[in-house]
Amino acid sequence: MCSPKPTVLVAEKLGEAGVNLLKQFADVDCSYNLTSKELCTKISLCDALIVRSGTKVSREVFESSGGRLKVVGRAGVGIDNVDLAAATEHGCLVVNAPTANTVAAAEHGIALLTAMARNISQADASLKAGKWLRNKYVGVSLVGKTLAVMGFGKVGSEVARRAKGLGMHVIAHDPYAPADRARATGVELVSFDEAIASADFISLHMPLTPATNKILNDETFAKMKKGVRIVNVARGGVIDEDALVRALDAGIVAQAALDVFTVEPPKDSKLVQHENVTATPHLGASTMEAQEGVAIEIAEAVVGALNGELAATAVNAPMVPAEVLSELKPFVALAEKLGRLAVQLVAGGSGVKSVKVIYGSARAPDDLDTRLLRAMITKGLIEPISSSFVNLVNADFTAKQRGLRIAEERSLLNGSLESPLEFIQVQISSVDSKFASALSDSGEIRVEGRVKDGIPHVTKVGSFEVDVSLEGSIILCRQVDQPGMIGKVGSILSEENVNVSFMSVGRIAPRKHAVMAIGVDEEPTKESLKRIGEIPAVEEFVYLKI
Ligand SMILES: NC(=O)c1ccc[n+]([C@@H]2O[C@H](COP(=O)([O-])OP(=O)(O)OC[C@H]3O[C@@H](n4cnc5c(N)ncnc54)[C@H](O)[C@@H]3O)[C@@H](O)[C@H]2O)c1
Ligand SMILES: O=C(O)[C@H](O)COP(=O)(O)O
């Protein structure tokens, strides 16, 4: 029998508090040191995967999951070991734990900086080998020296603060960091060339990206002060390691202290064995405190994501602050239902390519983040007509793949600022409709909805005003406006024991055309729908599953 609990595969050692937290909610499989093949085999039985930096979560892993894998949790910061594009394409959310190991990494950076400056590891090894070499291991002082912090993010800024406490003159290079935040720490932001040319010590704290890959190389080493000292607790790949060996041999770089390597564990020992290199095996985040913190942070994020909550630390989906989310929640449901409604009004054979969404709101345009709403409209539009599973993660990607363009527009209203939105309107252009009355005067399918008492309602179909809650399914029916129509349709449905939850009639003028919208709790039989269609005044009707 299938377990009702989700299964979480923990593929690398995770702090006990995190594992315990996961166990309250899921079946937890702690299997370490899996080969790629073993991971690919296991993953098809798992709903979530938790890794640190030692596991490559490749495209093959997502493909092997057969769609079951919903969340990858990275128990740490760097997500360069996770194929994010593949995760997004497979609708798999990637979350990380970005803050719990910041201080540990910064402390390790400072530990390497000071250990390198005073030859601690070399002197220790020499003493343990029975030697007493006091002249050989004379170090350099830190006070008054210039430290260039490359990447002034969470770790970089903590390193900067600590280095200032050691009496160093700290400068930083970070193209995206706000200058006032740096200034508040007493750090001047400078250009890349200025940073590397003026530094006595360089400490690397940027992520590994195509732009930072091998950012320290033969050319950049040549621009540095002779005798510069380098610390890397970021990612090995930001340094061209062969070039670093050459720079060390040439004396351009006097010393390096490295916690991270291009390939881990490093295959080529030339760098690690170099006598001017102090090396640790990627220990930046490895303190008891940081690992417990990271484990709890990632376990909470993974459990939340499996419960359908939007993760605050999502890496490949919009992060929506909790207060914004609670405000938007009813509109999220409305958005999806309007998408479902609109697409079911399209006649077979018309390809849906162009959709316009209008958000009616009294709030200023930049006060409404529509990414979540757009994703849910996309889900509503695509899921009823395909086998794709669409979520917040892959909505934009899936729409693009299907050649579906979604344009968004704001309609600025004068109403109350209390609610984030008054209405959402979805238009599908250049298609035929199976319910001609859903076409607006300008020819596109048009449905509009509002939230009333927390419940989504459709309030306009084509040019007709209606009002039906979008809770079950609905029948839209156009007829010549005349007495007794509600009764006739209602009695056909009641004969079939179909409960009518809501009914509303929108008409252009008395005794002209009207559109009746009927909400039903059960699915009417084909026969009863046929009988509704045969009522003489009924001109067209459609049954839509919401
Ligand atoms: N050794 C470890 O165990 C360990 C532990 C934690 C973090 N890390 C690594 O440290 C690095 C920093 O982590 P963080 O938490 O501070 O990340 P962060 O995102 O808070 O900071 C990274 C900073 O780098 C900047 N940046 C991006 N591109 C840059 C470029 N081309 N030049 C200069 N700066 C650039 C960003 O603007 C950002 O401010 C990451 O690579 C992370 O994986 C390693
Ligand atoms: O990116 C990180 O968080 C650090 O590199 C730590 O990696 P780890 O979890 O493998 O120690």
Side-chain angles (χ1 to χ4, degrees), residues 10-15 18 32 50-57 72-82 94-113 148-162 171-179 181-182 185 187 189-196 199 202-217 220 231-239 257-262 264-265 279-295 297-298 313 315 319:
V10 178
E12 286 179 74
K13 184 95 183 84
L14 190 69
Y32 310 143
I50 295 184
V51 297
R52 288 179 61 186
S53 62
T55 305
K56 200 148 183 53
V57 190
V72 171
R74 159 62 168 114
V77 185
I79 29 93
D80 41 303
N81 52 323
V82 181
V94 180
V95 288
N96 70 350
T99 55
N101 68 22
T102 298
V103 166
E107 287 178 350
H108 198 65
I110 295 291
L112 284 177
L113 179 82
V149 171
M150 311 299 280
F152 197 73
K154 293 185 289 296
V155 179
S157 51
E158 288 296 329
V159 165
R161 280 198 319 125
R162 284 160 175 76
I171 55 173
H173 168 69
D174 188 325
Y176 315 108
R181 191 161 60 81
T185 326
V187 172
L189 281 183
V190 298
S191 69
F192 178 84
D193 280 353
E194 190 180 342
I196 61 165
I202 294 174
S203 193
L204 300 169
H205 301 289
M206 65 262 277
L208 178 61
T209 65
T212 62
N213 187 27
K214 296 191 179 174
I215 200 163
L216 297 196
N217 51 43
T220 50
V231 176
N232 188 7
V233 287
R235 281 294 177 265
V238 301
I239 299 182
L258 310 171
D259 182 47
V260 284
F261 303 88
T262 307
E264 293 181 356
T280 48
H282 202 148
L283 290 180
S286 295
T287 62
M288 308 291 276
E289 296 82 353
Q291 280 314 305
E292 281 305 290
V294 163
E297 197 176 348
I298 203 62
T313 59
V315 174
M319 296 181 215

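All ligand and atom numbering here is 1-based and tracks the order in the structure. Since the model is a prediction, treat every value here as computed from it, not as a measurement.
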Discussion item. Under 3.5 Å between any N/O of Val260 and any N/O of ligand 1: does that happen in this structure?
Written reply: no
Worksheet item: Are the charged groups of Lys154 and Glu158 less than 4.0 angstrom apart, N to O?
Response: no
Worksheet, complete the sentence: By chain and number, the residues contacting ligand 2 below 4.0 angstrom (heavy atoms only) are Arg52, Ser53, Arg74, Ala75, Gly76, Val77, Gly78, Asn101, Arg235, His282, Ala285
Worksheet entry | Counterpart residues, salt bridge (charged side-chain N to carboxylate O under 4.0 Å, His left out), relative to Glu107 (two or more places apart) | none
Worksheet item: Which bit of His173 is near ligand 1, meaning a heavy atom under 4.0 Å away: side chain, backbone, both or neither?
Response: both
Discussion item. Could you check whether any heavy atom of Asn101 sits closer than 4.0 Å to an atom of ligand 1, since that is the contact criterion I want to use?
Written reply: yes
Discussion item. Only heavy atoms of His205, strictly under 4.0 Å: list the atoms of ligand 1 that pass.
Written reply: 11 (C), 12 (C), 22 (C), 23 (C), 24 (O)
Discussion item. Suppose we measure from atom 7 (C) of ligand 1 to each protein heavy atom; which comes out shortest, and what is that distance?
Written reply: Val77 CG2, 3.9 Å
Item to complete: Report yes if the side chains of Ile79 and Val94 come closer than 4.5 Å at any heavy-atom pair, otherwise no.
Response: yes
Worksheet item: Identify the closest protein heavy atom to atom 10 (O) of ligand 1: which residue and atom is it, and at what distance?
Response: Ala234 CA, 3.7 Å
Worksheet item: Can you tell me which residue and heavy atom of the protein come closest to atom 8 (N) of ligand 1, and the distance to 0.1 Å?
Response: Val233 O, 3.7 Å
Discussion item. Counting only heavy atoms closer than 4.0 Å, does ligand 1 sit against the backbone of Phe152, its side chain, both, or neither?
Written reply: backbone
Worksheet entry | Heavy-atom nearest neighbour in the protein, as seen from atom 21 (O) of ligand 1, with distance rounded to 0.1 Å | Gly153 CA, 3.3 Å
Item to complete: For Gly78, counting its heavy atoms only, list the atoms of ligand 1 lying under 4.0 Å from any of them.
Response: 43 (O)
Practice prompt. Would you mind running through ligand 1 and noting each atom that sits below 4.0 Å from a heavy atom of Ala105?
Written response: 5 (C), 6 (C)
Worksheet, complete the sentence: Ranked by distance from atom 38 (C) of ligand 1, the top protein heavy atom is Asp174 OD2, 3.4 Å
Discussion item. Strictly distance-based, threshold 3.5 Å: is any side-chain N or O of Thr209 a donor or acceptor partner for the main-chain N or O of Ala211?
Written reply: yes
Discussion item. Using a 4.0 Å cut-off to any heavy atom of His282, which atoms of ligand 1 qualify?
Written reply: 1 (N), 2 (C), 3 (O)
Worksheet item: Just by distance, do the side chain of Asn232 and the backbone of Ser203 share a donor-acceptor pair under 3.5 Å?
Response: no
Worksheet item: Under a heavy-atom criterion of less than 4.0 Å, does Pro207 contact ligand 1?
Response: yes
Discussion item. I want to know if ligand 1 touches Asp259 in the polar sense, i.e. an N/O pair below 3.5 angstrom.
Written reply: yes
Worksheet item: Can you tell me how far CG of Asn81 sits from CZ of Arg74, rounded to the nearest 0.5 angstrom?
Response: 5.5 Å
Worksheet item: Checking Glu12 side chain against Ile50 main chain: does a donor-acceptor pair fall under 3.5 Å?
Response: no
Worksheet item: Any idea which of Lys154, Met206, Arg74, Arg235 brings a heavy atom closest to atom 19 (O) of ligand 1?
Response: Lys154
Response to the item:
The protein heavy atom nearest to atom 32 (N) of ligand 1 is Pro175 CD, 3.5 Å
Worksheet, complete the sentence: Nearest non-hydrogen protein atom to atom 28 (N) of ligand 1, with distance, is Tyr176 CE1, 3.5 Å
Worksheet item: Considering only heavy atoms, which of Val294, Thr212, Val155 lies nearest to atom 14 (P) of ligand 1?
Response: Val155
Worksheet entry | Identity and distance of the protein heavy atom lying nearest atom 34 (N) of ligand 1 | Gly151 CA, 3.4 Å
